[in-house]
J.: 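A single structure is presented below for examination.
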Protein chains: 2
Amino acid sequence: MSGPVRLLLADDEHLIRGALATLLSLEDDLVIVAEAATGPEALAMARAHQPDVAVLDLQMPGADGVKVATALRAELPGCRVLIVTSHGRPGHLKRALEAGVRGFVPKTVSAQRLAEIIRTVHGGNRYVDPELAADAIAAGDSPLTAREAEVLELAADGAPVAEIAERAALSQGTVRNYLSSAVSKLGAENRHAAVRLARSRGWV
Amino acid sequence: MSGPVRLLLADDEHLIRGALATLLSLEDDLVIVAEAATGPEALAMARAHQPDVAVLDLQMPGADGVKVATALRAELPGCRVLIVTSHGRPGHLKRALEAGVRGFVPKTVSAQRLAEIIRTVHGGNRYVDPELAADAIAAGDSPLTAREAEVLELAADGAPVAEIAERAALSQGTVRNYLSSAVSKLGAENRHAAVRLARSRGWV
DNA sequence: CACGGCTTCTGACATTTGTCATGCCGAGTG
DNA sequence: CACTCGGCATGACAAATGTCAGAAGCCGTG
């Protein structure tokens with residue numbers, strides 16, 4: 001009914017991006033119109049080339065896949081976004097979906113499958129890797145309140161409470177309370193373990 | 001003078017591995033004789049197919065690239081090992097070189113370059129990405145003693161001193177002393193920041 | 001409007017850390 | 001052999017953290 005699917009490929013690893021570009025080009029109905037290695041670059045390329053589907057890596061320098069997806073949603077509503085990732089954390093999937101992403105797959109799929117999924121997404125349907133979806137469901141929603149998550153994030157690099165308090169413009173006591181409740185909600189031993197746990201679930 | 005270079009490709013991401021396999025196959029003098037998705041699998045494949053060069057991802061389930069390289073060194077001395085990685089930490093490079101790895105490159109290189117490097121390595125020469133090499137030199141050697149590193153590693157998941165002491169079969173006081181000296185050697189604020197720092201340098 | 005949940009704070013307490021001084025033993029070095 | 005360094009330990013003190021109770025304001029829902 002129409003021409004080939006026009007693709008934007010964004011991944012910071014040349015090796016993967018190039019290889020992917022070659023493989024996907026082998027498909028008759030797919031054509032790569034642009035490539036990018038960073039978030040901002042992906043955005044610029046999308047504006048310039050108006051792709052039908054943007055295949056984005058989740059972790060890129062500059063701005064991650066979800067951020068790019070959000071911006072794309074506003075600027076190019078017609079462009080479908082498909083996120084590809086190595087380390088799919090449950091929380092990322094949720095945020096991606098909220099950002100209007102149409103597909104979310106791990107890099108463990110084959111190029112064949114990816115091509116099919118690109119077609120699915122282009123057709124207006126959604127596709128989420130079943131395993132990642134199961135993980136996300138199993139992990140559930142973050143039990144943390146906004147502030148708890150914020151404070152936990154500031155604690156992520158091992159900063160002392162005093163520093164966290166300053167950066168969050170809170171009193172030290174409040175910070176300790178938030179940390180304490182976050183730790184107990186997550187069932188962690190201490191805040192550092194809590195950070196790791198929240199990280200692994202993609203809640204921070 | 002001889003036939004094509006026989007390659008083993010190991011990477012847990014099908015997408016990348018498959019794409020890479022296709023791209024490298026395009027080169028007349030390279031042929032992929034085996035693929036693997038995990039460390040142990042890579043080892044088994046190497047034993048079965050006796051490749052000339054093993055292209056290994058640094059991070060794989062089961063056993064990382066360096067571990068596989070060490071095993072390969074012993075079992076198949078004729079097999080040259082080339083490590084490819086996304087996140088190249090300085091310490092990894094050092095350990096890889098100690099394991100007899102002949103090449104170490106980031107995934108940001110192009111397939112063309114990779115093919116050239118594979119030939120270089122096959123020819124008995126070494127190749128280390130200049131940028132990674134510079135990072136490794138800048139980061140220098142770990143100032144930590146073996147025990148300090150060990151204790152720091154046990155502290156990595158936020159475990160309390162008591163647990164570290166038990167797992168390391170040391171007294172709590174000793175653990176604290178080691179942690180303390182590690183923290184001061186690394187110039188960190190506290191042990192958690194120290195862990196992060198050591199991690200980023202690949203010293204743990 | 002009353003209730004519950006989130007945010008924010010204070011203060012007090014117990015526990016966990018980080019730091020330091022000090023000591024002993026074994027291995028390697030000049 | 002004396003010296004140094006790393007590994008291991010104690011004990012003691014100060015600082016940071018974790019835990020609790022209590023209290024006030026704000027917001028949305030029933």
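We name chains A, B, ... by the order of the sequence lines, and we start the count at 1 in each one. Model, not experiment: these values are computed from the prediction.
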J.: Quick check: closest heavy atoms across B/V5 and B/H122, and the distance to 0.1 Å?
T.: CG2-ND1, 3.4 Å
J.: What pairs of nitrogen or oxygen atoms, one from the protein and one from nucleotides 5-7 of chain C, lie under 3.5 Å apart?
T.:
from: C/dT7; atom 1: OP2; to: A/T145; atom 2: OG1; distance (Å): 2.5

J.: Could you list the donor-acceptor pairs under 3.5 angstrom formed between side-chain atoms of residues 65-75 of chain A and any protein atom two or more places apart in sequence or on another chain?
T.:
from: A/T70; atom 1: OG1; to: A/V66; atom 2: O; distance (Å): 2.9
from: A/E75; atom 1: OE1; to: A/R47; atom 2: NH1; distance (Å): 2.8
from: A/E75; atom 1: OE2; to: A/R47; atom 2: NH1; distance (Å): 2.7

J.: Does the side chain of B/R119 reach to within under 4.5 Å of the side chain of B/E116, using non-hydrogen atoms?
T.: yes
J.: Once ring-ring contact (aromatic ring centres under 6.0 Å, His included) is applied, do any residues pair with A/H92, and if so which ones, sequence neighbours excluded?
T.: none
J.: Taking the side chain as every heavy atom from C-beta outward, state whether B/L58 and B/F104 have any pair of such atoms under 4.5 Å apart.
T.: yes
J.: Can you confirm whether A/T145 sits close enough to A/K185 that some side-chain heavy atom of one is under 4.5 Å from a side-chain heavy atom of the other?
T.: yes
J.: Are the charged groups of A/D157 and A/R167 less than 4.0 angstrom apart, N to O?
T.: yes
J.: Are A/E98 and A/R95 close enough for a salt bridge, meaning some N to O gap below 4.0 Å?
T.: no
J.: Just how large is the angle between the end axes of the helix from C/dC1-D/dG30 to C/dG30-D/dC1, five pairs per end, to 10 degrees?
T.: 30°
J.: Measure from CG on B/L144 to P on D/dG7 and round the result to the nearest Å.
T.: 11 Å
J.: What distance separates B/Q59 CD from B/I83 CD1, expressed to the nearest 0.5 Å?
T.: 10.5 Å
J.: Please enumerate all protein N or O atoms sitting under 3.5 Å from an N or O of nucleotides 16-23 of chain D, with distances to 0.1 Å.
T.:
from: D/dT17; atom 1: OP1; to: A/R191; atom 2: NH2; distance (Å): 3.0
from: D/dT17; atom 1: OP2; to: A/V161; atom 2: N; distance (Å): 3.1
from: D/dT17; atom 1: O5'; to: A/R191; atom 2: NH2; distance (Å): 2.8
from: D/dG18; atom 1: OP2; to: A/R191; atom 2: NE; distance (Å): 3.3
from: D/dG18; atom 1: N7; to: A/R176; atom 2: NH1; distance (Å): 3.0
from: D/dG18; atom 1: O6; to: A/R176; atom 2: NH1; distance (Å): 2.6
from: D/dT19; atom 1: OP2; to: A/S180; atom 2: OG; distance (Å): 3.4
from: D/dC20; atom 1: N4; to: A/N177; atom 2: ND2; distance (Å): 2.9

J.: Could you pull out every donor-acceptor pair under 3.5 Å between side chains of residues 7-20 of chain B and any protein atom, sequence neighbours left out?
T.:
from: B/D11; atom 1: OD1; to: B/E13; atom 2: N; distance (Å): 2.9
from: B/D11; atom 1: OD2; to: B/K107; atom 2: NZ; distance (Å): 3.1
from: B/E13; atom 1: OE2; to: A/S86; atom 2: OG; distance (Å): 3.2
from: B/R17; atom 1: NE; to: B/E35; atom 2: OE1; distance (Å): 3.0
from: B/R17; atom 1: NH1; to: B/D11; atom 2: O; distance (Å): 2.8

